[in-house]
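Below is one structure, written out as structure tokens; comments come after it.
Just so you know, residue 1 is the first one in the sequence shown, and it goes up from there. This structure is a prediction, so every number in the text was calculated from the model and none was measured.
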Amino acid sequence: MGAAKHEVLLRLRAIELLAYWEGRLVTNRLVAWFGISRQQASADIKRYLANHNPDSLVHDPAVKAYVPRPGFRPVLTTEHINEYLDMVSGLVSDSMAVTLETDTNLASVQLPDRSVRPEVVREVVKACRGKGSIKILYASMADPIWSDRVISPHTLVYTGFRWHVRAYCHERHDFRDFLLSRIDRTPKPTDDKAPSPSEDTQWQEAMMLTLIPNTKLNEGQKTLVEKDFGMPDGRLQLSVRKALAHYTLQRYQAAITPEEADDELHYPVQLLESERKKLGPYLFGPSSPG
């Protein structure tokens with residue numbers, strides 16, 4: 001595929017991903033991401049509708065954007081939310097999802113994120129951008145009975161394993177994480193006042209994590225781990241939001257507790273022992289999925 005055709009395909013996929021996952025497509029997004037003119041963005045939308053997915057989108061003057069018609073289904077993407085992640089993370093020009101589909105010598109392991117429904121993502125994104133509140137039907141491991149919650153979301157988060165939304169819980173009166181896969185029905189807007197994200201102190205404040213090779217490894221194994229994780233001085237320091245500390249350690253498969261540190265084959269890296277106590281409130285506190 002030539003470079004020009006590849007660029008066009010990326011733009012057409014972006015059109016589809018925005019329509020499917022956000023339920024709203026404006027030409028300004030395409031202009032900003034790809035550095036094209038507004039006329040080119042409009043032409044791309046017309047090309048998508050004419051050549052790939054006829055009558056799938058309609059322009060809604062009320063929101064000044066294209067919105068998907070009922071029953072809209074993607075034809076250029078796979079309905080996997082990680083494709084949307086690639087795009088909104090600024091990887092549109094070098095999307096791993098696109099690369100892996102077009103190169104027979106590359107492969108990836110996909111988690112079952114089809115459980116995240118686009119109608120849920122659309123309403124959550126709308127509430128985040130509009131600084132609004134929504135009512136959801138939610139269940140958690142701590143409380144597996146489905147119940148109504150009113151939340152005020154401010155940020156979508158992908159941990160490397162699952163998607164959640166960081167939001168103020170009007171029932172618990174604090175900021176928590178809500179897994180998108182555990183929202184059972186399409187969220188509905190409410191009139192509840194949303195607190196400012198600046199009040200979410202665990203989200204606003206950062207902390208330093210220090211990772212080292214598991215001390216139970218032999219010297220040769222430690223050298224390999226240092227190379228794997230980029231530890232030129234035998235340690236890796238990460239500045240992370242306090243609300244994301246636990247997820248970061250999970251992503252690195254880092255031992256947090258003494259019991260985990262005893263299992264060096266499953267936990268090749270560990271949190272520096274002196275940091276365990278100070279991190280306790282952020283690792284096991286209310287920021288865990290609510």
Side-chain angles (χ1 to χ4, degrees), residues 1-103 108 110 113-114 116-132 134 153-158 163 165 180 186-189 194 197:
M1 181 184 296
K5 288 185 177 180
H6 182 67
E7 181 69 18
V8 171
L9 177 60
L10 288 177
R11 298 202 301 265
L12 295 178
R13 286 172 179 257
I15 288 169
E16 185 168 273
L17 288 167
L18 285 170
Y20 187 65
W21 289 106
E22 296 188 6
R24 181 172 177 266
L25 170 66
V26 293
T27 55
N28 286 347
R29 303 288 292 281
L30 301 177
V31 170
W33 275 331
F34 294 100
I36 58 177
S37 66
R38 189 180 303 275
Q39 291 77 11
Q40 181 61 61
S42 296
D44 286 337
I45 295 172
K46 291 178 181 178
R47 176 182 296 185
Y48 174 81
L49 291 171
N51 299 339
H52 299 282
N53 208 349
D55 299 320
S56 58
L57 305 174
V58 61
H59 190 269
D60 185 348
V63 295
K64 299 180 180 179
Y66 287 88
V67 297
R69 290 184 183 274
F72 172 84
R73 300 305 295 264
V75 296
L76 299 178
T77 56
T78 64
E79 301 184 59
H80 199 290
I81 194 172
N82 284 8
E83 292 178 295
Y84 175 70
L85 168 68
D86 284 345
M87 182 181 64
V88 298
S89 298
L91 302 176
V92 178
S93 61
D94 188 20
S95 171
M96 181 61 72
V98 173
T99 302
L100 292 176
E101 289 178 6
T102 57
D103 193 318
S108 67
Q110 296 283 10
D113 283 329
R114 294 182 190 274
V116 179
R117 295 181 293 119
E119 56 268 28
V120 170
V121 177
R122 293 170 192 168
E123 295 303 321
V124 169
V125 168
K126 187 186 301 183
C128 287
R129 290 187 174 148
K131 299 179 174 58
I134 52 178
H154 65 72
T155 308
L156 273 180
V157 178
Y158 182 62
W163 284 80
V165 61
L180 297 187
T186 303
K188 300 296 183 184

Is there a side-chain contact between Leu49 and Pro54, using heavy atoms and a 4.5 Å cut-off? no
In this structure, CG of Leu57 is separated from NZ of Lys46 (nearest 0.5 Å) by 13.5 Å
Sequence neighbours left out, what passes side chain to side chain contact (heavy atoms under 4.5 Å, CB included) with Val8? Give chain and number order. Arg11, Leu12, Arg47
Where do Ala194 and Gly132 come nearest, in terms of heavy atoms and distance? CB-O, 3.9 Å
Rounding to 0.5 Å, atoms OH (Tyr84) and OH (Tyr158) come to a distance of 14.5 Å
Would Leu10 and His6 count as a side chain to side chain contact (heavy atoms under 4.5 Å, CB included) if you check the C-alpha gap in whole Å, the side-chain angles of each, and the deciding distance to 0.1 Å? CA-CA 6 Å; Leu10 288 177; His6 182 67; 3.9 Å; yes
Just checking, is any N or O donor in the side chain of Glu123 or Thr186 under 3.5 Å from an acceptor N or O on the other one? no
Pair Trp21, Thr77 - check side chain to side chain contact (heavy atoms under 4.5 Å, CB included), show working. CA-CA 11 Å; Trp21 289 106; Thr77 56; 6.0 Å; no
Selection residues 64-75 - residue pairs positive for side-chain hydrogen bond (donor to acceptor under 3.5 Å, both in side chains), sequence neighbours left out: Arg73-Glu79
Under the side chain to side chain contact (heavy atoms under 4.5 Å, CB included) rule, what do Val124 and Leu180 come out as? Steps first, then yes or no, please. CA-CA 9 Å; Val124 169; Leu180 297 187; 4.3 Å; yes
Can you name the closest pair of heavy atoms from Ala65 and Val26 and give their distance? CB-CG1, 3.4 Å
For residues 50-59, pull every pair meeting side-chain hydrogen bond (donor to acceptor under 3.5 Å, both in side chains), keeping only residues two or more places apart or in separate chains. Tyr48-Asn53
Rounding to 0.5 Å, atoms CD (Glu7) and CG (Asp44) come to a distance of 9.0 Å
Going through the checks in order, is the side chain to side chain contact (heavy atoms under 4.5 Å, CB included) test met by Leu25 and Ile15? CA-CA 7 Å; Leu25 170 66; Ile15 288 169; 3.5 Å; yes
Heavy atoms of Gly23 and Val67 approach each other most closely as O-CG1, 3.6 Å
Partners meeting side chain to side chain donor-acceptor pair (under 3.5 Å) with Asp60 (sequence neighbours left out): none
Taking NZ, NE, NH1 and NH2 as the nitrogens, is one of them in Glu22 or Arg24 under 4.0 Å from a carboxylate oxygen of the other? no
Quick one: list whatever passes side chain to side chain contact (heavy atoms under 4.5 Å, CB included) with Ala41, sequence neighbours left out. Thr27, Leu30, Val31, Ile36
Partner set under side chain to side chain contact (heavy atoms under 4.5 Å, CB included) for Arg122, not counting sequence neighbours: Tyr20, Pro68, Pro118
Out of curiosity, Ile81 CD1 to Leu17 CG, how far, rounded to the nearest 0.5 Å? 10.5 Å
